[in-house]
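The structure under discussion appears below in the form of C-alpha coordinates.
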Amino acid sequence: MIGRLLVTGGTGSLGRRVMARAAAAGWDPVGTFVSAGAPTATVRLDIRDPADVRRVIAQVAPDAIVHTAAGRDRNDWPATADGAAHVALAAAGIRLVHVSSDAIFSGRLGEYDEDALPDPVYAYGAAKAAAETAVRAIDPGAAVVRTSLILGDGRGAHEVLTHDLIAGRVRGALFTDEVRKPVHVDDLADALLELAAGDHAGVLNVAGADAISRYELGVLVARRDGLDPALIPAASLAALGLSRPPDLRLTTTRAAKLLSTRLRGATEFVRPS
(Lines give C-alpha, C1' and ligand atoms only; values in the text may rest on other atoms or scores of the structure.)
Protein backbone atom coordinates (compact mmCIF):
# COMPACT_ATOMS: atom_id res chain seq x y z
CA MET A 1 0.00 0.00 0.00
CA ILE A 2 1.26 3.43 -0.99
CA GLY A 3 -1.13 6.37 -0.83
CA ARG A 4 -1.63 9.50 1.25
CA LEU A 5 0.59 9.57 4.32
CA LEU A 6 0.06 11.85 7.31
CA VAL A 7 3.29 12.58 9.21
CA THR A 8 2.77 14.21 12.58
CA GLY A 9 5.72 16.34 13.62
CA GLY A 10 6.62 17.11 10.02
CA THR A 11 8.99 19.92 11.02
CA GLY A 12 11.15 17.74 13.27
CA SER A 13 14.42 16.14 12.22
CA LEU A 14 12.81 12.72 11.80
CA GLY A 15 9.50 14.02 10.44
CA ARG A 16 11.24 16.01 7.70
CA ARG A 17 13.16 12.95 6.56
CA VAL A 18 10.07 10.74 6.62
CA MET A 19 8.34 13.32 4.41
CA ALA A 20 11.23 13.48 1.94
CA ARG A 21 11.74 9.72 1.77
CA ALA A 22 7.98 9.17 1.44
CA ALA A 23 7.73 11.53 -1.52
CA ALA A 24 10.66 9.81 -3.21
CA ALA A 25 9.01 6.43 -2.66
CA GLY A 26 5.75 7.49 -4.30
CA TRP A 27 3.66 8.41 -1.27
CA ASP A 28 1.60 11.60 -1.11
CA PRO A 29 2.93 12.93 2.21
CA VAL A 30 1.22 15.58 4.33
CA GLY A 31 3.15 16.92 7.32
CA THR A 32 1.90 18.70 10.42
CA PHE A 33 3.38 21.48 12.50
CA VAL A 34 2.35 23.05 15.78
CA SER A 35 4.04 26.46 15.98
CA ALA A 36 6.25 26.97 12.93
CA GLY A 37 5.37 25.76 9.49
CA ALA A 38 7.76 24.62 6.78
CA PRO A 39 7.40 24.10 3.02
CA THR A 40 6.88 20.38 3.61
CA ALA A 41 4.64 20.68 6.69
CA THR A 42 1.44 22.44 5.70
CA VAL A 43 -1.20 21.44 8.25
CA ARG A 44 -1.28 22.87 11.77
CA LEU A 45 -1.99 20.27 14.43
CA ASP A 46 -1.91 20.41 18.21
CA ILE A 47 -1.83 16.77 19.28
CA ARG A 48 -2.75 17.81 22.83
CA ASP A 49 -6.21 18.76 21.54
CA PRO A 50 -8.30 15.67 20.68
CA ALA A 51 -10.79 17.70 18.64
CA ASP A 52 -7.95 19.17 16.58
CA VAL A 53 -6.54 15.70 15.96
CA ARG A 54 -9.95 14.42 14.78
CA ARG A 55 -10.36 17.46 12.52
CA VAL A 56 -6.97 17.08 10.84
CA ILE A 57 -7.25 13.34 10.26
CA ALA A 58 -10.73 13.78 8.78
CA GLN A 59 -9.48 16.64 6.60
CA VAL A 60 -6.38 14.83 5.30
CA ALA A 61 -8.05 11.40 5.03
CA PRO A 62 -4.74 9.52 5.02
CA ASP A 63 -4.21 5.87 4.11
CA ALA A 64 -1.53 5.66 6.81
CA ILE A 65 -0.15 7.78 9.66
CA VAL A 66 3.41 7.93 10.96
CA HIS A 67 3.28 9.55 14.38
CA THR A 68 6.67 11.17 15.07
CA ALA A 69 5.39 14.16 17.06
CA ALA A 70 6.03 14.44 20.79
CA GLY A 71 6.39 17.20 23.35
CA ARG A 72 8.89 19.94 22.58
CA ASP A 73 9.68 19.89 26.29
CA ARG A 74 10.82 16.41 27.33
CA ASN A 75 8.48 16.69 30.34
CA ASP A 76 5.45 17.52 28.17
CA TRP A 77 3.14 14.66 29.16
CA PRO A 78 0.02 16.09 27.42
CA ALA A 79 1.81 16.05 24.04
CA THR A 80 3.92 12.92 24.39
CA ALA A 81 1.52 10.58 26.21
CA ASP A 82 -1.96 12.05 25.76
CA GLY A 83 -1.16 13.15 22.20
CA ALA A 84 -0.34 9.59 21.15
CA ALA A 85 -3.68 8.41 22.57
CA HIS A 86 -5.54 11.17 20.72
CA VAL A 87 -3.92 10.14 17.43
CA ALA A 88 -4.65 6.44 17.96
CA LEU A 89 -8.30 7.12 18.79
CA ALA A 90 -8.83 9.42 15.80
CA ALA A 91 -6.98 7.01 13.47
CA ALA A 92 -9.51 4.20 13.86
CA GLY A 93 -9.36 2.06 10.72
CA ILE A 94 -6.22 3.81 9.42
CA ARG A 95 -2.79 2.15 9.38
CA LEU A 96 -0.78 3.67 12.28
CA VAL A 97 2.96 3.59 12.92
CA HIS A 98 3.88 5.06 16.30
CA VAL A 99 7.45 6.10 17.12
CA SER A 100 8.59 5.20 20.62
CA SER A 101 11.97 5.28 22.35
CA ASP A 102 14.53 3.27 24.29
CA ALA A 103 13.96 5.89 27.03
CA ILE A 104 11.14 3.68 28.35
CA PHE A 105 13.81 1.46 29.97
CA SER A 106 16.02 1.92 33.03
CA GLY A 107 19.16 0.58 31.34
CA ARG A 108 19.82 -1.91 34.12
CA LEU A 109 19.43 -4.98 31.88
CA GLY A 110 21.61 -3.80 28.99
CA GLU A 111 19.87 -5.63 26.15
CA TYR A 112 16.14 -5.18 25.48
CA ASP A 113 14.03 -7.15 23.02
CA GLU A 114 10.47 -6.42 21.96
CA ASP A 115 9.02 -8.32 24.91
CA ALA A 116 10.88 -6.29 27.52
CA LEU A 117 8.60 -4.40 29.90
CA PRO A 118 9.05 -0.65 30.41
CA ASP A 119 10.71 0.51 33.63
CA PRO A 120 11.45 4.19 33.01
CA VAL A 121 13.52 6.27 35.40
CA TYR A 122 12.63 9.78 34.24
CA ALA A 123 9.62 11.73 33.01
CA TYR A 124 10.17 11.53 29.26
CA GLY A 125 10.59 7.75 29.39
CA ALA A 126 7.44 7.45 31.51
CA ALA A 127 5.46 9.52 29.00
CA LYS A 128 6.75 7.41 26.11
CA ALA A 129 5.85 4.22 27.98
CA ALA A 130 2.35 5.55 28.63
CA ALA A 131 2.04 6.45 24.95
CA GLU A 132 2.94 2.90 23.96
CA THR A 133 0.37 1.46 26.34
CA ALA A 134 -2.35 3.75 25.01
CA VAL A 135 -1.58 3.07 21.34
CA ARG A 136 -1.42 -0.70 21.79
CA ALA A 137 -4.68 -0.77 23.78
CA ILE A 138 -6.58 1.46 21.36
CA ASP A 139 -5.17 -0.04 18.14
CA PRO A 140 -3.71 -3.54 18.53
CA GLY A 141 -2.91 -3.53 14.80
CA ALA A 142 -0.60 -0.50 15.06
CA ALA A 143 3.16 -0.82 14.69
CA VAL A 144 5.04 0.58 17.70
CA VAL A 145 8.64 1.35 16.77
CA ARG A 146 11.18 1.64 19.58
CA THR A 147 14.29 3.44 18.47
CA SER A 148 17.42 5.04 19.91
CA LEU A 149 19.55 8.13 19.23
CA ILE A 150 18.69 9.48 15.78
CA LEU A 151 21.40 11.22 13.77
CA GLY A 152 23.24 11.22 10.47
CA ASP A 153 22.18 14.45 8.74
CA GLY A 154 23.88 16.93 11.08
CA ARG A 155 20.60 17.93 12.74
CA GLY A 156 20.34 15.13 15.28
CA ALA A 157 20.29 16.23 18.91
CA HIS A 158 23.55 14.41 19.68
CA GLU A 159 25.27 15.99 16.69
CA VAL A 160 24.15 19.47 17.73
CA LEU A 161 25.17 18.84 21.35
CA THR A 162 28.64 17.67 20.29
CA HIS A 163 29.19 20.85 18.29
CA ASP A 164 27.89 23.03 21.12
CA LEU A 165 30.11 21.35 23.72
CA ILE A 166 33.21 21.73 21.56
CA ALA A 167 32.39 25.39 20.87
CA GLY A 168 31.67 26.08 24.55
CA ARG A 169 28.11 27.20 23.83
CA VAL A 170 26.76 24.81 26.46
CA ARG A 171 28.14 23.26 29.63
CA GLY A 172 28.11 19.56 30.26
CA ALA A 173 29.79 16.38 29.07
CA LEU A 174 29.28 13.25 27.03
CA PHE A 175 29.18 10.12 29.15
CA THR A 176 31.63 7.29 28.60
CA ASP A 177 29.37 4.70 30.24
CA GLU A 178 26.03 5.64 28.65
CA VAL A 179 25.59 3.13 25.81
CA ARG A 180 23.07 3.37 22.97
CA LYS A 181 22.56 1.94 19.46
CA PRO A 182 22.29 5.06 17.27
CA VAL A 183 20.32 4.88 14.04
CA HIS A 184 20.71 6.91 10.86
CA VAL A 185 17.67 9.13 10.32
CA ASP A 186 17.28 7.86 6.74
CA ASP A 187 17.37 4.21 7.81
CA LEU A 188 14.73 4.87 10.46
CA ALA A 189 12.57 6.85 8.02
CA ASP A 190 12.73 4.05 5.45
CA ALA A 191 11.84 1.47 8.10
CA LEU A 192 8.83 3.54 9.18
CA LEU A 193 7.65 3.76 5.58
CA GLU A 194 8.02 0.00 5.14
CA LEU A 195 5.87 -0.51 8.21
CA ALA A 196 3.32 2.07 7.04
CA ALA A 197 2.90 0.06 3.85
CA GLY A 198 2.71 -3.26 5.69
CA ASP A 199 0.68 -4.95 8.38
CA HIS A 200 3.13 -5.65 11.21
CA ALA A 201 1.35 -5.27 14.54
CA GLY A 202 2.98 -4.59 17.89
CA VAL A 203 6.44 -3.55 19.02
CA LEU A 204 9.47 -3.57 16.74
CA ASN A 205 12.96 -2.40 17.72
CA VAL A 206 14.54 -0.28 14.98
CA ALA A 207 18.05 0.82 15.98
CA GLY A 208 21.54 0.82 14.54
CA ALA A 209 23.90 -2.13 14.50
CA ASP A 210 26.55 -0.70 16.84
CA ALA A 211 26.40 -0.35 20.62
CA ILE A 212 28.47 2.73 21.42
CA SER A 213 28.83 5.22 24.26
CA ARG A 214 27.64 8.78 23.90
CA TYR A 215 31.24 9.95 24.24
CA GLU A 216 32.50 7.59 21.53
CA LEU A 217 29.67 8.74 19.31
CA GLY A 218 30.66 12.37 19.90
CA VAL A 219 34.21 11.54 18.86
CA LEU A 220 32.91 10.06 15.59
CA VAL A 221 30.77 13.16 14.96
CA ALA A 222 33.70 15.49 15.67
CA ARG A 223 36.02 13.62 13.30
CA ARG A 224 33.38 13.52 10.58
CA ASP A 225 32.82 17.27 10.87
CA GLY A 226 36.49 18.26 11.07
CA LEU A 227 36.43 19.20 14.76
CA ASP A 228 38.92 18.33 17.47
CA PRO A 229 37.63 15.37 19.54
CA ALA A 230 40.02 16.33 22.34
CA LEU A 231 37.78 19.32 23.07
CA ILE A 232 34.79 17.13 23.98
CA PRO A 233 34.32 17.08 27.77
CA ALA A 234 33.91 13.51 29.03
CA ALA A 235 32.39 12.19 32.25
CA SER A 236 30.87 9.02 33.64
CA LEU A 237 27.48 8.35 35.16
CA ALA A 238 29.08 6.16 37.80
CA ALA A 239 31.53 8.81 38.97
CA LEU A 240 28.83 11.48 39.18
CA GLY A 241 26.23 9.19 40.76
CA LEU A 242 23.60 10.05 38.15
CA SER A 243 20.46 7.94 37.74
CA ARG A 244 20.26 8.12 33.95
CA PRO A 245 19.80 4.87 31.99
CA PRO A 246 23.35 3.56 31.44
CA ASP A 247 23.01 0.78 28.87
CA LEU A 248 20.12 0.69 26.41
CA ARG A 249 20.88 -1.82 23.66
CA LEU A 250 17.78 -2.59 21.60
CA THR A 251 18.04 -6.02 19.98
CA THR A 252 17.14 -5.82 16.29
CA THR A 253 17.00 -9.49 15.28
CA ARG A 254 13.28 -9.25 14.55
CA ALA A 255 13.67 -6.09 12.46
CA ALA A 256 16.47 -7.68 10.41
CA LYS A 257 14.10 -10.53 9.48
CA LEU A 258 11.07 -8.33 8.82
CA LEU A 259 12.50 -5.28 7.04
CA SER A 260 14.35 -4.87 3.78
CA THR A 261 15.91 -1.64 5.11
CA ARG A 262 19.45 -2.26 6.35
CA LEU A 263 20.06 -0.69 9.74
CA ARG A 264 23.62 0.57 9.65
CA GLY A 265 25.86 1.07 12.66
CA ALA A 266 27.27 4.42 13.74
CA THR A 267 30.84 3.40 12.91
CA GLU A 268 29.67 2.98 9.32
CA PHE A 269 27.52 6.05 8.81
CA VAL A 270 29.26 8.61 11.05
CA ARG A 271 32.58 8.99 9.29
CA PRO A 272 34.30 11.51 7.06
CA SER A 273 33.05 11.42 3.48
Side-chain angles (χ1 to χ4, degrees), residues 1-9 13-15 17-27 29 62-70 84 87-88 91 93-105 109-118 128-129 131-152 179-212 248-269:
M1 178 191 72
I2 292 181
R4 175 162 288 188
L5 180 72
L6 179 64
V7 181
T8 66
S13 178
L14 175 58
R17 295 308 296 161
V18 172
M19 294 280 293
R21 308 290 279 194
W27 290 87
D63 297 291
I65 300 171
V66 175
H67 179 52
T68 75
V87 170
I94 300 170
R95 174 63 173 160
L96 175 61
V97 180
H98 170 77
V99 180
S100 188
S101 169
D102 58 9
I104 67 171
F105 299 118
L109 296 182
E111 286 196 341
Y112 293 87
D113 65 14
E114 284 83 356
D115 297 322
L117 297 178
K128 277 295 194 181
E132 277 197 17
T133 298
V135 169
R136 296 178 70 186
I138 294 165
D139 184 1
V144 174
V145 175
R146 291 173 180 164
T147 193
S148 189
L149 299 179
I150 305 169
L151 68 163
V179 176
R180 301 292 185 268
K181 294 182 72 175
V183 64
H184 194 290
V185 64
D186 288 347
D187 297 348
L188 178 56
D190 289 347
L192 295 173
L193 292 174
E194 272 198 66
L195 292 166
D199 59 3
H200 174 79
V203 174
L204 187 69
N205 290 342
V206 178
D210 298 333
I212 187 171
L248 296 177
R249 285 171 284 147
L250 298 177
T251 62
T252 53
T253 305
R254 193 174 300 180
K257 293 178 180 177
L258 178 69
L259 301 173
S260 61
T261 299
R262 188 170 73 88
L263 300 172
R264 294 168 288 170
T267 55
E268 177 182 351
F269 67 75

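Quick note: numbers below take in every heavy atom, side chains included, and nothing from hydrogens, waters or symmetry partners. Keep in mind that what you see is a predicted model, and the values were worked out from it rather than measured.
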N-O pairing of [X] and [Y] below 4.0 Å:
X      : Y      : answer
Lys181 : Glu111 : no
Arg146 : Glu114 : no
Arg95  : Asp63  : no

Where do [X] and [Y] come nearest, in terms of heavy atoms and distance?
X      : Y      : answer
Val206 : Thr147 : O-OG1, 2.7 Å
Gly3   : Trp27  : O-CE3, 3.0 Å
Gly9   : Ala69  : N-CB, 3.6 Å
Ile212 : Pro182 : CG2-CD, 3.5 Å

Separation of [Y] [atom2] from [X] [atom1] (nearest 0.5 Å):
X      : Y      : atom1 : atom2 : value
Thr253 : Leu258 : OG1   : CG    : 12.5 Å
Arg262 : Glu268 : CZ    : CD    : 4.0 Å
His98  : Thr68  : NE2   : OG1   : 10.5 Å

So do the side chains of [X] and [Y] get within less than 4.5 Å of each other, counting heavy atoms only?
X      : Y      : result
Tyr112 : Asp102 : no
Ile104 : Glu132 : yes
Leu204 : Val144 : no
Thr8   : Val66  : no
Pro62  : Ile94  : yes
Leu250 : Phe105 : yes
Leu149 : Val183 : no
Leu151 : Val185 : no

Practice problem: Step by step, work out the side-chain contact (heavy atoms from CB on, under 4.5 Å) result for Leu263 and Leu188. | Solution: CA-CA 8 Å; Leu263 300 172; Leu188 178 56; over 6 Å; no
Quiz prompt | Set of side-chain contact (heavy atoms from CB on, under 4.5 Å) partners for Val179, sequence neighbours left out | solution =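 Val179 satisfies side-chain contact (heavy atoms from CB on, under 4.5 Å) with Ala211, Asp247, Arg249 once adjacent residues are dropped.
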Quiz prompt | Sequence neighbours excluded - side chain to side chain donor-acceptor pair (under 3.5 Å) pairs with any residue from residues 187-200 | solution =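 Qualifying pairs, neighbours excluded: Arg21-Asp190, Asp187-Arg264, Glu194-Ser260, Glu194-Thr261.
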Practice problem: Verify, without hydrogens or angle tests, whether Asp210 (side chain) and Thr267 (backbone) share a donor-acceptor contact under 3.5 angstrom. | Solution: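 Yes, the answer is positive, given that a donor and an acceptor are paired below the 3.5 Å cut-off.
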Practice problem: Spell out, as yes or no, whether a donor-acceptor pair under 3.5 Å connects the side chain of Lys128 to the backbone of Ala70. | Solution: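 No; zero donor-acceptor contacts below 3.5 Å.
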Quiz item: Between the side chains of Thr251 and Asp113, is a donor N or O closer than 3.5 angstrom to an acceptor N or O?
Solution: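 Per modelled atom types, Thr251 and Asp113 side chains form no pair under 3.5 Å.
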Quiz item: Step by step, would you call Arg17 with Asp186 a side-chain contact (heavy atoms from CB on, under 4.5 Å)?
Solution: CA-CA 7 Å; Arg17 295 308 296 161; Asp186 288 347; 2.8 Å; yes
